[in-house]
Amino acid sequence: MARLALREICGYRSGDKGDISNVAIFADDDATFELIRREVTAERVKAHFGAMVRGEVVRYEAPNVWALNFVMHGALGGGGPRSLRADNLGKTLGGALVRLEIEVPDEWAGRRRPRPDLAWADAILDALPGR
Amino acid sequence: MGVAPPARPRGGLIVDGRTIRIAGGQGFYGDTPRSVAGLLAEGVDYLCLEALAELTLAILQKDRQRDEARGYTRDLPLYLGAALPAVAEGGTRVIPTAGGINPTAAARAAIDTARALGLTGLRIATVLGDDIMGRLPDLAAATSSGLAHMETGEAFDALPAEPLFASAYLGAAPIVEALRQGADVVITGRVADAALFLAPCIFEHGWAADDWDRLAAGTLVGHLLECSGQSVGGNFSGEWWTVPHPWDLPYPIAEVDPDGTAVITKPAASGGRVDLDTVRHQLLYEVHDPAAYLSPDVVSDFTSATFTDLGGDRVRVEGVRGRAATPTYKALIAHHVGWAGEARVAFGWPSAHEKARATAAIFARRVEMAGLPVDEWLFEYWGVDALGGPTAGPVDPEHEPPEVVLRAAWRCDDRDVAARVGREMVPLTLSAPPAGLTGMGRSLGGGRPSELLGIWPALVDKALVDPGVRVTVEEVV
């Protein structure tokens, strides 16, 4: 077995309600969905976030969109209007979850999602006054 | 309230059996009204403007504390200024949640905006009754939950401080009633986000109040549209850098058939992208159990929906199933928690992280020596683990971060104390042992403290809230 960060095989999105953060991760096909369903348990996610998530983590499945949804209680420092955190709504927790490494079949080793190509952004920035 | 949508309502914009086009023109208070022109150019029938996040009500509460005539989202006139000319031509109706915790004041602003544009004859409706602040003691006694905290189960009398606002999430019914009364603009306070979009579907297609699958379909459409750019390539974790013209992201449109089948799309002449990924990512945004998405109008099973990428920035959504709504509304009750301040200082290489941690300790000790009581401290190390916490992993001593920002945040009981804490950071510019501390712009610690609010979510019986729900319609003269 090889190890791979979820980043290489999943998209993600996080949302907030009160002191609860939900993070959904999205596979792109049946095989990947079955793999994350087996590997990415609620317990594993709870351990990954450590002291950041004070309460329990509950996992839900949405097989119609190849997704797992993790509902993390006590995850936002008391909730948006109460929290001292800069990221008081947990906007970045989706990215934090896909740092998690899981066991994958050997033939998946080295799988890699494309990295950003920012030629368009560089062109805009380079043309700004003062550059 | 006694308002049930009639089986075949009259006065809709749509010829029976036609698809209706609904746009999500706003996703939060502070979003851009420039979205409106592009959406109206597409000929949308309804423009829904969702402005109220949980945090927004807290902001509006602070606004209302300063001025009783406020408490609504004050960008409403900007949106209406862009939309009302098309409304007056009869092609579009607008449904904003801009009322916040003061819908009457928002309606006043809407009428003033219409009048300033010379658009007399427009009918502005206001939905009232979501504000349950004045009834809390009665509701705590009468409602089946006792207003116990939904998460912790604590009894309502454990609310740590006096409530500052209390709003129930209403459903689509009062909006449908306003449309039935011929409203061109329907201003609401707190309604469930998706209900804004569901209401015109119910009204135009004549869906029955217990046609659960149809109500779930309209709710799903609303859920996909209520966060503006998030379903058209905004906040997107896929290949986000390939989204066309991200500086000019359009906002989404749904074409909803009478049977609830919908196509999610966007204005053609614009940037952004609608595909299977941008839509399915939004499906689970702020959702807990996707097989039982609770809203005031229906319990929707989002896992039963089928998504088909039709190409050309069109995704078809169909087959979603619903079941009977619950007998309760969710309500949010806010209470004061304390005052927060923050300071940010930056450190350069070498040992930037260590310098930041030492400064945090020195700062906290200075605050203690100054006799300033702090109830809660938070120290974040930007560039190390401020966002990711334990998920960021340990710092490798052989690859120390080239620079680190320390963000210190604190909570105090007293506002003035919170302000004075920040001033203890300033002298460290020259007096702290770690070399290389520098201020972060204007944020060395001199900012004004901000109020922290706790949110107490609770369930409240619909039967106790509905009698207080009212729809008023006023014609602009």
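A note on names: the letters A, B, ... follow the listed sequences, proteins ahead of strands, and every chain is numbered from 1.
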So which atom in Leu453(B) and which in Leu164(B) form the shortest heavy-atom distance, rounded to 0.1 Å? CD2-CD1, 3.2 Å
Check each atom of Ile124(A) against the heavy atoms of chain B and say whether the ones under 4.5 Å are side chain, backbone, both or neither. side chain
Looking only at heavy atoms and a cut-off of under 4.5 Å, which of Gly454(B), Pro290(B), Gly393(B) has the most pairs with chain A? Pro290(B)
Measuring heavy-atom distances to chain B, does Ile25(A) have an atom under 4.5 Å in its side chain, in its backbone, in both, or in neither? neither
What one should report as the nearest heavy-atom pair of Ala166(B) and Ile333(B) is CB-CG1, 3.9 Å
Given Phe363(B) and Leu406(B), is the side-chain contact (heavy atoms from CB on, under 4.5 Å) satisfied, shown in steps? CA-CA 11 Å; Phe363(B) 175 48; Leu406(B) 164 66; 5.9 Å; no
How long is the span from the CG atom in Leu52(B) to the CD1 atom in Ile59(B), to the nearest 0.5 Å? 10.5 Å
Which atom of Val274(B) lies closest to which atom of Ile264(B), heavy atoms considered: CG1-O, 3.4 Å
Please flag which part of Leu84(A) lies under 4.5 Å from any non-hydrogen atom of chain B: side chain, backbone, both or neither. both
Between Gly153(B) and Ala148(B), what is the shortest heavy-atom contact and its length? O-CB, 4.0 Å
Please name the pair of heavy atoms, one in Cys412(B) and one in Val421(B), separated by the smallest distance, quoted to 0.1 Å. SG-CG2, 4.1 Å
Stepwise, does the side-chain contact (heavy atoms from CB on, under 4.5 Å) test hold for Val57(A) with Phe49(A)? CA-CA 10 Å; Val57(A) 173; Phe49(A) 280 98; over 6 Å; no
So which part of Ile455(B) gets closer than 4.5 Å to some heavy atom of chain A, the side chain, the backbone, both or neither? side chain
Who among Ala340(B), Ala305(B), Gly238(B), Ala53(B) has the most heavy-atom pairs with chain A under 4.5 Å? Ala305(B)
Grab the two heavy atoms, one from Ala67(A) and one from Phe33(A), that are nearest each other, plus how far apart they are. O-CE1, 3.3 Å
What part of Leu283(B) gets closer than 4.5 Å to chain A, counting heavy atoms only: side chain, backbone, both or neither? side chain
Contact check, side chains of Ile9(A) and Ile102(A), non-hydrogen atoms, under 4.5 Å: yes
Option in Gly55(A), Gly90(A), Gly78(A), Pro114(A) with maximal non-hydrogen atom pairs under 4.5 Å from chain B: Pro114(A)
Taking only distance into account, so ignoring hydrogens and angles, what donor-acceptor contacts under 3.5 Å exist between chain A and chain B?
{"from": "Tyr12(A)", "atom 1": "N", "to": "Ser237(B)", "atom 2": "OG", "distance (Å)": "2.8"}
{"from": "Tyr12(A)", "atom 1": "O", "to": "Ser237(B)", "atom 2": "OG", "distance (Å)": "2.8"}
{"from": "Arg13(A)", "atom 1": "NH1", "to": "Gln230(B)", "atom 2": "O", "distance (Å)": "2.9"}
{"from": "Arg13(A)", "atom 1": "NH1", "to": "Gln282(B)", "atom 2": "OE1", "distance (Å)": "2.6"}
{"from": "Arg13(A)", "atom 1": "NH2", "to": "Gln230(B)", "atom 2": "O", "distance (Å)": "3.4"}
{"from": "Arg13(A)", "atom 1": "NH2", "to": "Gly234(B)", "atom 2": "O", "distance (Å)": "3.2"}
{"from": "Arg13(A)", "atom 1": "NH2", "to": "Asn235(B)", "atom 2": "O", "distance (Å)": "2.8"}
{"from": "Gly18(A)", "atom 1": "N", "to": "Glu54(B)", "atom 2": "OE1", "distance (Å)": "2.7"}
{"from": "Gly18(A)", "atom 1": "N", "to": "Glu54(B)", "atom 2": "OE2", "distance (Å)": "3.3"}
{"from": "Asn22(A)", "atom 1": "OD1", "to": "Glu286(B)", "atom 2": "N", "distance (Å)": "3.1"}
{"from": "Asn22(A)", "atom 1": "ND2", "to": "Leu284(B)", "atom 2": "O", "distance (Å)": "2.9"}
{"from": "Asn22(A)", "atom 1": "ND2", "to": "Val287(B)", "atom 2": "O", "distance (Å)": "3.1"}
{"from": "Ala27(A)", "atom 1": "O", "to": "Arg280(B)", "atom 2": "NH1", "distance (Å)": "2.8"}
{"from": "Ala27(A)", "atom 1": "O", "to": "Arg280(B)", "atom 2": "NH2", "distance (Å)": "3.0"}
{"from": "Asp28(A)", "atom 1": "OD1", "to": "Arg280(B)", "atom 2": "NH2", "distance (Å)": "2.9"}
{"from": "Asn64(A)", "atom 1": "ND2", "to": "Phe302(B)", "atom 2": "O", "distance (Å)": "2.9"}
{"from": "Asn64(A)", "atom 1": "ND2", "to": "Thr303(B)", "atom 2": "O", "distance (Å)": "3.3"}
{"from": "Asn64(A)", "atom 1": "ND2", "to": "Ala305(B)", "atom 2": "O", "distance (Å)": "2.9"}
{"from": "Val65(A)", "atom 1": "O", "to": "Arg280(B)", "atom 2": "NH1", "distance (Å)": "2.7"}
{"from": "Asn69(A)", "atom 1": "ND2", "to": "Val287(B)", "atom 2": "O", "distance (Å)": "2.9"}
{"from": "Asn69(A)", "atom 1": "ND2", "to": "His288(B)", "atom 2": "O", "distance (Å)": "2.8"}
{"from": "His73(A)", "atom 1": "ND1", "to": "Glu151(B)", "atom 2": "OE1", "distance (Å)": "2.7"}
{"from": "His73(A)", "atom 1": "ND1", "to": "Glu151(B)", "atom 2": "OE2", "distance (Å)": "3.1"}
{"from": "Pro81(A)", "atom 1": "O", "to": "Leu453(B)", "atom 2": "N", "distance (Å)": "2.9"}
{"from": "Arg82(A)", "atom 1": "N", "to": "Leu453(B)", "atom 2": "O", "distance (Å)": "3.2"}
{"from": "Arg82(A)", "atom 1": "NH1", "to": "Glu376(B)", "atom 2": "OE1", "distance (Å)": "3.2"}
{"from": "Arg82(A)", "atom 1": "NH2", "to": "Glu376(B)", "atom 2": "OE1", "distance (Å)": "3.1"}
{"from": "Leu84(A)", "atom 1": "O", "to": "Arg407(B)", "atom 2": "NH1", "distance (Å)": "2.9"}
{"from": "Leu84(A)", "atom 1": "O", "to": "Arg407(B)", "atom 2": "NH2", "distance (Å)": "3.0"}
{"from": "Ala86(A)", "atom 1": "N", "to": "Glu380(B)", "atom 2": "OE2", "distance (Å)": "3.1"}
{"from": "Lys91(A)", "atom 1": "NZ", "to": "Tyr285(B)", "atom 2": "OH", "distance (Å)": "3.1"}
{"from": "Arg99(A)", "atom 1": "NE", "to": "Thr391(B)", "atom 2": "O", "distance (Å)": "2.9"}
{"from": "Arg99(A)", "atom 1": "NH2", "to": "Ala392(B)", "atom 2": "O", "distance (Å)": "3.1"}
{"from": "Trp120(A)", "atom 1": "NE1", "to": "Trp241(B)", "atom 2": "O", "distance (Å)": "2.9"}

Contact class of Leu93(A) relative to chain B, heavy atoms under 4.5 angstrom: side chain
